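All values reported here derive from a predicted model rather than from experimental measurement. Only this structure's heavy atoms are used, side chains among them; waters, hydrogens and symmetry mates stay out.
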Amino acid sequence: MTKAVKKRQGKQKPTTVAWRFYVVLAIVLTIYGSLMARAAYIQVIEPDMLKKQGDMRSLRTAAKTVQRGSILDRNGRELAVSVPVETVWADPKIVMDNNALAMTEHWQALADVLDQDVNKLTARIVRNPSKRFVYIERQVSPVMANYIKELRIPGVHLRKESKRFYPSGEVSAHLVGFTNVDDKGIEGIERVYDSLLTGKGGQKKFRKDAKGRKIEILSVEEAEPPKDVQLSIDSRIQTLAYKELKGAVKAFKATSGSVIVADIKTGEILAMVNAPSFNPNNRSNTPANKMRNRAITDMFEPGSTMKPLSLLTAMEFGVADADTIVNTNPGWMRLGGRRVSDPINRKELTMEEILIHSSNMGTAKLVLSMPKEFLLDKFFEVGFGEETGTGLVGETSGMMHDRQRWSQFELATLSFGYALAISPLQLTRLYTTIANGGTKIPLTILKTEQRPQGEQIFSSNITADLRDMLEGVVEKGAPKAKVEGYRVGGKTGTSIKAVAGGYGNDYVGLFAGMAPIDDPEVVVVVVINEPGGDLYHGGDVAAPVFSRVMKGTMQVLNVAPNNAQTVKTTPKQGDDNA
């Protein structure tokens, strides 16, 4: 090779060095650019994702739950309390990841203690293998919870809860009500005052490190403790009333019954019971009709228990007074082609005798002698057609027609307790008004120390005269309502139940009264619905319950006897035809 050629070859440079360099440089720049773009995207455009991921690993919330408040009677006795229980739940993913279903003996033991079928129990886990939460059993006892904990089944856990317990059982079931499995009130006092009884749970948010240690407390929300609700009910009177009512409903083969006891000075309800009742601690297989608080929801035509109101209205208007004599001869009359009558011609009757004999003719003649507007206004003023003020869920306002046209026959039937429908609680308020000197006060289910503001409906002198007449009704017309050692007054009632197209063959027996009659403190109303035996008049089925409940109430309240004469009940039946 010549010298010139060799010199030329020595001057040539490698041709691949340059483009390889640029390729590597481009790759490096692309990588760094991608990293910078990703970092910018994460930190500037969408930083929340990483924060969320970080919070999931380090941020924790500790909840502080509060138990439901208690429901107490007027003396502080518990009618509803919360007891600690635990709920059994499973994490199917953990169960499957640990092959925990292979622990067949443990699952069988779990099923046995919970009274469940083991195949159905494990099927719930297999059916949802990716879920993180499945209920196994709600509200198990602490003893059962300890047993389940000792089984040590991976993925099966316990969570603290509370369960409602009702110490008074069926005695106060309709009034107190009950909660559902999530501790939310759904009936009775539990529902009315759910927000007060529930309270509000607290929580603490904090951040922890990799070892689970708290490194930062972010916020603390204090719990709001629940409030207890103290009722006006006296458990002693409540128990007495329920015992007597339950016995009467059974003895007279009635479909149901209600008793209400009220303090006439404060309007406090001392007892409200219904029969049949139910066990609120175990409501399985309990029909819905047994859970209804009939004392506030059911309506009936009150029959002769309205006659004192008719006489009171007549005296208030001035067409009669305590000494008025009403001529009921010939014992019947026709009004617009319809007949109003007494069983026999009682001829001339005093005002007291009208009530003793429960004369339809007597009350009809009195109400027809005054303007219908005045009569109807008084019926509305005593509270018919409106609620009583208790605030209980489901309370009916009754049926009292507010219309312009009323025939004479309708006014006559209104005077002896037809053409309207009221609840036992509304009847209680009427007799509370009579006992209270003509002053209507709202009824309350909560304990109160103050006398509420009332509305004067009738004059005190006239209501005092009427109370004397009601005492005569018990002495001469309803002997089974007498209370040994006490002067009492009241009125029986027997109404025929309405059916489609008229009236059927079922009755409602009632008695409403007060004691002591010279200075009343308590009103008792008894309703026996559809007695099935030969006895169905209010004087037979309701008056004896009134007598025993009133006597027990006087003793519980330590009211001194005001009738030194020993009273013995007689089997004689007083008249009660309406």
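With contacts defined as side-chain heavy-atom distances shorter than 4.5 Å, the pair E244/P544 does not qualify. Using a 4.5 Å cut-off on side-chain heavy atoms (C-beta onward), S162 and P84 make no contact. Within the 4.5 Å cutoff, no side-chain heavy atoms of L510 are placed close to those of K491. Taking 4.5 Å as the limit, some side-chain heavy atom of M550 sits within range of a side-chain heavy atom of V522. Looking only at side-chain heavy atoms (C-beta outward), I422 and L420 come within less than 4.5 Å of each other. Taking the side chain as every heavy atom from C-beta outward, F458 and N436 never approach each other to under 4.5 Å. Between K160 and V85, every side-chain heavy-atom pair lies at or beyond the 4.5 Å cut-off. Proximity of F165 to N281: side-chain heavy atoms (C-beta onward) are separated by under 4.5 Å at one or more points.
Closest approach of K480 to S547, counting heavy atoms only: O-CB, 3.4 Å. Shown here for H174 and P276, the closest heavy-atom pair between the two residues is CE1-O, 3.4 Å. Nearest heavy atom pair, residue P516 against residue V559, reads CG-CG1, 3.9 Å. Smallest separation of non-hydrogen atoms from K440 and I457: CB-CG1, 3.9 Å. Residues N98 and P154 share a closest heavy-atom pair of CB-CB, 4.0 Å. The shortest heavy-atom contact between G454 and T439 is CA-CG2, 3.7 Å.
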- [ ] For the pair L114 and I148, evaluate side-chain contact (heavy atoms from CB on, under 4.5 Å) and give the outcome as yes or no after the intermediate values.
- [x] CA-CA 9 Å; L114 297 177; I148 293 169; 4.0 Å; yes

TODO: Give the intermediate values and the outcome of side-chain hydrogen bond (donor to acceptor under 3.5 Å, both in side chains) for residues Q450 and T448.
DONE: CA-CA 6 Å; Q450 298 180 343; T448 179; 5.7 Å; no

Task: From CA spacing to verdict: side-chain contact (heavy atoms from CB on, under 4.5 Å), V549, V261 - done: CA-CA 9 Å; V549 172; V261 181; 3.8 Å; yes

TODO: Please assess L309 against F384 for the test side-chain contact (heavy atoms from CB on, under 4.5 Å), listing each intermediate value before the final yes or no.
DONE: CA-CA 12 Å; L309 175 59; F384 299 150; 3.7 Å; yes

Task: Pair D91-F133, side-chain contact (heavy atoms from CB on, under 4.5 Å): steps then yes or no - done: CA-CA 5 Å; D91 185 333; F133 185 93; over 6 Å; no

TODO: Could you walk me through whether E150 and N146 pass side-chain hydrogen bond (donor to acceptor under 3.5 Å, both in side chains), step by step?
DONE: CA-CA 6 Å; E150 292 299 320; N146 288 333; over 6 Å; no

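Taking S141 as the reference, V143, M144 meet the side-chain contact (heavy atoms from CB on, under 4.5 Å) condition, with sequence neighbours excluded. The side-chain contact (heavy atoms from CB on, under 4.5 Å) search around V249 returns L245, A254, A275, not counting sequence neighbours. Under the rule for a ring-ring contact (aromatic ring centres under 6.0 Å, His included), Y193 has no partner lying at least two apart in sequence or in another chain. With sequence neighbours left out, the side-chain contact (heavy atoms from CB on, under 4.5 Å) criterion links V556 to D234, R236, I237.
Side-chain N or O atoms of S232 include none that pairs as donor or acceptor with a backbone N or O of E268 at under 3.5 Å. With hydrogens and angles ignored, the 3.5 Å screen pairs no side-chain donor or acceptor of R191 with any backbone N or O of G188. Between the R132 side chain and the P92 main chain, no donor and acceptor come within less than 3.5 Å of each other. Here the side chain of T444 pairs a donor or acceptor atom with the backbone of L446 at under 3.5 angstrom. Of the possible polar contacts, one joining the T494 side chain to the G538 backbone as a donor-acceptor pair under 3.5 Å is found. Listed for the D73 side chain is a donor-acceptor partner under 3.5 Å among the backbone atoms of R77. Although no hydrogens or angles enter the test, the distance criterion places no donor-acceptor pair under 3.5 Å between the side chain of E78 and the main chain of P167. Side-chain atoms of W107 do not come within 3.5 Å of backbone N or O of I153 as any donor-acceptor pair.
With rounding to the nearest 0.5 Å, the separation of CG in L270 from NZ in K447 is 11.5 Å. Put simply, CG on L470 and CE on M514 are 5.5 Å apart, with the number rounded to the nearest 0.5 Å. Remark: N289 CG to T255 OG1 distance equals 10.0 Å, nearest 0.5 Å. Taking OG of S495 as the start and CG of D506 as the end, the distance is 10.5 Å to the nearest 0.5 Å. T198 contributes atom OG1, which lies 6.5 Å from atom NZ of K184 (distance to the nearest 0.5 angstrom). Put simply, OG1 on T286 and CG on N279 are 7.5 Å apart, with the number rounded to the nearest 0.5 Å.
Around the NZ atom of K378, the shell of radius 6.0 Å holds more than 12 heavy atoms that belong to other residues, nucleotides or ligands. Heavy atoms from other residues, nucleotides or ligands lying under 6.0 Å from CG of D115 number 12 at most.
Remark: E86 does not engage K149 in a salt bridge, criterion side-chain N to carboxylate O under 4.0 Å. Electrostatic pairing of E530 and K497 counts as a salt bridge here, judged by a charged N lying under 4.0 Å from a carboxylate O. Between D519 and K265, at least one side-chain nitrogen of the basic residue sits less than 4.0 Å from a carboxylate oxygen of the acidic one, meeting the salt-bridge criterion. Of the charged side-chain nitrogens involved, at least one lies within less than 4.0 Å of a carboxylate oxygen, so that R138 and D182 count as a salt-bridged pair. With salt bridges taken as basic N to acidic carboxylate O contacts below 4.0 Å, one links E190 and R164. With respect to E161 and K163, no salt bridge is recorded, no charged nitrogen being found less than 4.0 Å from a carboxylate O. Salt bridge present: R68 and D194 bring a charged side-chain N and a carboxylate O closer than 4.0 Å.
N274 pairs in a side-chain hydrogen bond (donor to acceptor under 3.5 Å, both in side chains) with only one of the listed residues (T297, N293, D298, N529), which is N293. The only option from V483, V488, L240 that meets the side chain to side chain contact (heavy atoms under 4.5 Å, CB included) definition with K551 turns out to be V483.
Counting only residues at least two apart or in different chains, side chain to side chain donor-acceptor pair (under 3.5 Å) contacts with residues 421-435 comprise E386-R429.
A tilted orientation is assigned to the rings of H157 and W89, their planes being inclined by 30° to 60°. The aromatic rings of F511 and F546 are tilted relative to each other, their planes meeting at an angle between 30° and 60°.
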Show the atom names and distances, to 0.1 Å, of all donor-acceptor pairs under 3.5 Å that link a side chain in residues 391-401 to residues at least two apart or in another chain.
from	atom 1	to	atom 2	distance (Å)
E395	OE1	T390	OG1	2.8
E395	OE2	T388	N	2.8
E395	OE2	T388	OG1	2.6
T396	OG1	G398	N	3.0

